Protein chains: 2
Amino acid sequence: MSVTIKDIAKQAGVSYSTVSKALRDSPLVKKPTKTKIMKIAEELGYQPNVAARSLVQKKSFTVGVVWPSVERVAPSILITQINDLLEAHSYTTLLSINKIESAISTFNRFQVDAILVFGENENDLTNSKIQSTVPILYYGVQEDLRFPTIDVNRRLAIKLATKYLQDIGHKQIAFIGDLSNFDPLQKDKLIGFLEAMNVEHASDLPDMIIPTNGLEVHDGYLAAKNLLTKQSSITAIISGSYDLTRGILRATTELSLKIPEDLSIISYDNIPQSENLEIQLTTVGVPITRIAQRISETLLTIIEGETVQHSIILEPELNTLDSCAPLSNNHESS
Amino acid sequence: MSVTIKDIAKQAGVSYSTVSKALRDSPLVKKPTKTKIMKIAEELGYQPNVAARSLVQKKSFTVGVVWPSVERVAPSILITQINDLLEAHSYTTLLSINKIESAISTFNRFQVDAILVFGENENDLTNSKIQSTVPILYYGVQEDLRFPTIDVNRRLAIKLATKYLQDIGHKQIAFIGDLSNFDPLQKDKLIGFLEAMNVEHASDLPDMIIPTNGLEVHDGYLAAKNLLTKQSSITAIISGSYDLTRGILRATTELSLKIPEDLSIISYDNIPQSENLEIQLTTVGVPITRIAQRISETLLTIIEGETVQHSIILEPELNTLDSCAPLSNNHESS
DNA sequence: TTGTATGCGTTATCAA
DNA sequence: TTGATAACGCATACAA
């Protein structure tokens with residue numbers, strides 16, 4: 001049986017409405033009474049009942065996050081950051097790993113103040129009839145045109161990377177990315193590459209597009225090892241993800257290739273380089289902190305009932321560090 | 001503004017208490033009235049308000065899951081299964097990725113019916129004063145002696161595996177596991193190995209204990225490749241995790257080793273083999289379905305207010321498939 | 001500065 | 001078979 005404000009009131013010898021005010025730090029309560037009440041609440045281990053509060057306030061100070069694919073590691077850092085940001089505004093986040101429809105329904109019953117949806121990229125179920133009184137924000141994929149969406153411009157990211165390499169003289173540039181599933185997010189990166197390379201189809205650059213069988217470290221390793229042992233004309237690599245890059249670096253180390261002297265590398269990446277790699281990577285992408293920031297802001301905005309831009313696209317930035325070098329002449333002749 | 005039973009009552013021309021009964025499918029309401037009400041509720045997109053319901057019922061039909069380290073992939077399959085199992089009993093699960101203390105506090109305010117904690121293995125904060133009106137169940141690590149815990153017997157798992165290999169004639173058995181962090185869960189596996197091998201310390205078997213630098217596929221790959229290229233006396237490998245095993249298999253494939261003819265392998269594993277490996281692995285561990293089953297049951301039991309065994313240890317099973325073979329004489333001589 | 005009364009949406013008890 | 005009403009825990013407008 002949990003303790004209520006009435007229990008505190010009894011202990012403190014005041015009315016329970018006074019307790020309610022005191023706990024909310026209202027100026028309508030004298031300091032001594034307030035401190036006394038606070039102390040008793042503390043002692044009794046009082047926890048305000050969210051149900052009761054949200055019933056009267058019509059607000060739960062809670063954001064529901066729909067996360068149907070827990071297995072995927074990538075968004076987990078993002079979630080953590082969003083959680084922290086929202087917490088600073090005294091919002092709690094709660095996750096549901098149910099299917100999107102049922103999760104949204106749950107959150108509606110719980111009267112959360114907003115819902116953030118991490119879409120499943122696999123199946124775009126635009127047909128599903130989502131009913132929600134609560135405002136919804138999508139991240140990643142536009143699944144439902146009725147609700148605003150935030151996404152990052154992956155295509156431009158890879159395009160930027162490619163152009164940069166071209167600017168510093170590279171022509172033989174390889175793109176290593178996962179094209180094994182029909183993940184539109186991964187495909188988009190390839191398109192950015194094709195655009196920068198000024199070709200229509202992937203088949204126009206058979207030697208420069210190196211598909212992997214997944215997004216794991218080892219996939220990058222295999223692709224790079226394969227590429228670098230048999231083909232020496234490549235002077236730069238663009239990697240579609242951080243994990244692939246780690247694999248690529250393992251391959252170059254094994255082959256005793258020096259970065260950036262023998263090979264330039266740019267990695268698509270959102271995550272600030274926490275792990276100490278052998279080298280400071282040149283990366284391209286939208287920093288995850290910026291994504292988290294923008295999502296949190298937008299969430300708070302739609303909670304206020306204000307409307308937001310329907311489709312928010314976050315633009316990537318190139319972060320030039322040590323893993324790229326201009327193409328020197330002696331390199332070209334090798 | 002969401003629709004309430006009063007809105008439905010008005011539409012249907014009945015009292016709202018009748019609506020309440022009808023929606024709960026009470027026998028106290030005539031069929032025609034019931035169907036009529038149901039229909040209107042449907043049309044209006046009615047969603048029952050959990051706050052109001054749990055306020056009066058003192059029950060939210062919700063289980064809170066504390067999951068402070070979203071990044072870790074391993075438990076995610078488990079959570080998914082538990083979620084499904086509980087859903088079948090009409091319970092909803094909600095996850096929190098906050099720190100354990102704050103997550104538990106949140107769930108208390110939400111008046112969930114039970115809390116499941118996936119402990120952080122890194123820091124055992126037994127000292128933290130956790131206040132909870134709601135019953136708690138720990139999984140993995142016993143962090144707080146006041147609450148019941150479910151765990152799997154990793155030590156026995158590896159011991160079983162080792163003994164089995166010994167039974168079929170192997171003597172030169174290697175254990176590949178992650179000992180890089182001070183993760184007690186991983187350490188426990190090593191102890192099982194040492195017990196079966198009948199030695200006190202890891203230093204007694206320098207050539208047979210192969211530590212990796214992590215639990216990733218590539219870590220297993222490196223360890224195995226290193227081991228198998230320089231040391232040929234090993235006839236069997238016990239792998240501390242499924243991912244390590246995948247790496248090990250890549251190494252053996254590269255080295256053209258035949259499993260089980262040239263080398264026997266047993267993998268620690270909870271997950272039913274979904275991925276089609278080249279070979280049907282002999283595995284040891286507690287099947288994840290069994291873990292999920294037991295956790296769900298226990299959760300439901302403590303929700304009923306009944307007490308459960310304080311420390312539940314799930315015992316592993318050996319699942320002998322194709323990756324192990326008795327040690328033949330010609331092998332021994334090689 | 002404190003206390004009283006009302007209502008949030010729902011279930012449950014009792015009366016009709 | 002239906003309807004009126006109290007109660008859940010809390011916040012708040014209003015009275016004291």
Side-chain angles (χ1 to χ4, degrees), chain A residues 1-38 40-41 44-62 90 106-113 133-134, chain B residues 1-38 40-41 44-62 90 92 107-113 133-134:
Chain A
M1 200 48 214
S2 51
V3 22
T4 75
I5 50 172
K6 285 184 184 171
D7 300 322
I8 301 175
K10 216 178 292 170
Q11 276 265 336
V14 295
S15 83
Y16 69 84
S17 76
T18 305
V19 174
S20 174
K21 287 171 204 152
L23 292 173
R24 311 226 70 220
D25 200 24
S26 156
L28 301 176
V29 181
K30 258 203 300 191
K31 266 264 171 62
T33 350
K34 207 184 278 184
T35 42
K36 182 181 170 190
I37 290 173
M38 293 291 208
I40 296 178
L44 265 44
Y46 171 74
Q47 298 268 55
N49 183 325
V50 176
R53 175 178 289 176
S54 73
L55 201 54
V56 50
Q57 289 198 150
K58 290 170 163 296
K59 198 151 169 14
S60 58
F61 288 93
T62 306
S90 64
T106 299
F107 285 138
N108 268 271
R109 291 197 307 272
F110 270 87
Q111 307 260 98
V112 300
D113 299 327
T133 315
V134 178
Chain B
M1 200 47 216
S2 53
V3 21
T4 74
I5 50 172
K6 287 185 181 170
D7 299 322
I8 301 174
K10 218 177 290 170
Q11 276 264 336
V14 296
S15 82
Y16 69 84
S17 71
T18 305
V19 173
S20 174
K21 286 170 204 153
L23 292 173
R24 314 225 70 220
D25 200 25
S26 156
L28 302 176
V29 181
K30 259 202 300 189
K31 265 263 171 64
T33 352
K34 206 183 278 184
T35 42
K36 184 180 169 190
I37 289 173
M38 292 292 209
I40 296 178
L44 266 44
Y46 170 75
Q47 298 266 58
N49 183 325
V50 177
R53 173 179 291 175
S54 71
L55 199 54
V56 50
Q57 288 198 152
K58 291 173 163 294
K59 197 153 171 10
S60 58
F61 288 94
T62 305
S90 63
T92 301
F107 284 138
N108 269 272
R109 291 198 306 271
F110 269 88
Q111 308 260 97
V112 301
D113 300 327
T133 315
V134 177

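The figures that follow rest on heavy atoms only: side chains count, while hydrogens, waters and symmetry mates do not. Below, chain A is the first sequence line, B the second, and so on; all start at residue 1. The structure presented is a predicted model; accordingly, all values stated were derived computationally and were not measured.
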Student: For the CG atom of A:Asp113 and the NZ atom of A:Lys59, what is their distance to the nearest 0.5 Å?
Tutor: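 Spacing of CG (A:Asp113) from NZ (A:Lys59) equals 4.0 Å.
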
Student: If I take atom CD in residue A:Gln111 and atom C1' in nucleotide C:dG9, what distance separates them, rounded to the nearest angstrom?
Tutor: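 From A:Gln111 CD to C:dG9 C1': 9 Å.
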
Student: Can you tell me how far P of C:dC8 sits from CG of B:Asp7, to the nearest Å?
Tutor: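 The distance from CG of B:Asp7 to P of C:dC8 comes to 11 Å, rounded to the nearest Å.
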
Student: Going by distance alone, is a donor N or O of one side chain under 3.5 Å from an acceptor N or O of the other, for B:Ser20 and B:Ser17?
Tutor: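 Judged by distance alone, the side chains do not pair up.
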
Student: Under 4.0 angstrom, heavy atoms only, what part of the nucleic acid is B:Ser54 near: base, sugar-phosphate, or nothing?
Tutor: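 The answer is nothing, as B:Ser54 stays clear of every strand by at least 4.0 Å.
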
Student: Whole Å only: how far is the NZ atom of A:Lys10 from the C1' atom of C:dG3?
Tutor: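 These atoms are roughly 17 Å apart.
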
Student: Nearest-Å distance, CG (A:Asp25) to P (C:dT1)?
Tutor: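 It works out to 13 Å between those atoms.
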
Student: Summarise how protein sits on nucleotides 11-16 of chain C as a single string, 5' to 3': B when a protein heavy atom is under 4.0 Å from the base, S for sugar-phosphate-only contact, - for no contact.
Tutor: BBB---

Student: Distance check needed: C:dT1 C1' versus A:Lys34 NZ, whole Å only.
Tutor: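 Atom-to-atom, A:Lys34 to C:dT1, this comes out as 11 Å.
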
Student: Specify the separation, in whole Å, of atom CG of A:Leu55 and atom P of D:dT12.
Tutor: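 Going from A:Leu55 (CG) to D:dT12 (P), I get 13 Å.
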
Student: So with a 6.0 Å cut-off around NZ of A:Lys10, is the heavy-atom count from everything else above 12?
Tutor: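 For A:Lys10, atom NZ is not crowded (no more than 12 foreign heavy atoms under 6.0 Å).
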
Student: Please report the distance, rounded to the nearest Å, between CZ in B:Arg109 and P in D:dC8.
Tutor: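 Distance check: B:Arg109 CZ to D:dC8 P gives 22 Å.
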
Student: Using whole Å, report how far CD of A:Gln47 lies from C1' of D:dC10.
Tutor: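 Answer to the nearest Å: 15 Å.
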
Student: I need the B:Asp7 CG to B:Leu44 CG distance, nearest 0.5 Å.
Tutor: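 Here the interatomic distance stands at 6.5 Å.
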
Student: Indicate whether OP1 or OP2 belonging to C:dG3 is found under 4.0 Å from a side-chain N or O atom of A:Ser15.
Tutor: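 Checking C:dG3 against A:Ser15, a side-chain N or O does come within under 4.0 Å of OP1 or OP2.
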
Student: Does a side-chain N or O of A:Lys6 approach OP1 or OP2 of D:dC10 to a distance below 4.0 Å, or not?
Tutor: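 It does not, given that no N or O in the side chain of A:Lys6 lies less than 4.0 Å from OP1 or OP2 of D:dC10.
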
Student: Assign each of A:Asn49 and B:Lys30 to its nearest nucleotide of DNA chain D by heavy atoms, then name whichever residue's nucleotide is nearer the 5' end.
Tutor: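 Whichever sits nearer the 5' end wins; that is B:Lys30.
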
Student: Please report the closest heavy-atom contact between A:Val29 and A:Lys34, naming both atoms and the distance.
Tutor: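 Of all heavy-atom pairs spanning A:Val29 and A:Lys34, the closest is O-CE, 3.6 Å.
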
Student: At their closest point, which heavy atom of B:Val3 faces which heavy atom of B:Ile8, and how far apart are they?
Tutor: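 Nearest heavy atoms, B:Val3 then B:Ile8: CG2-CG1, 4.3 Å.
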
Student: Just verifying a value: how many Å separate A:Tyr46 OH and B:Arg109 CZ, rounded to the nearest 0.5 Å?
Tutor: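 Rounded to the nearest 0.5 Å, the OH-CZ separation comes to 10.5 Å.
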
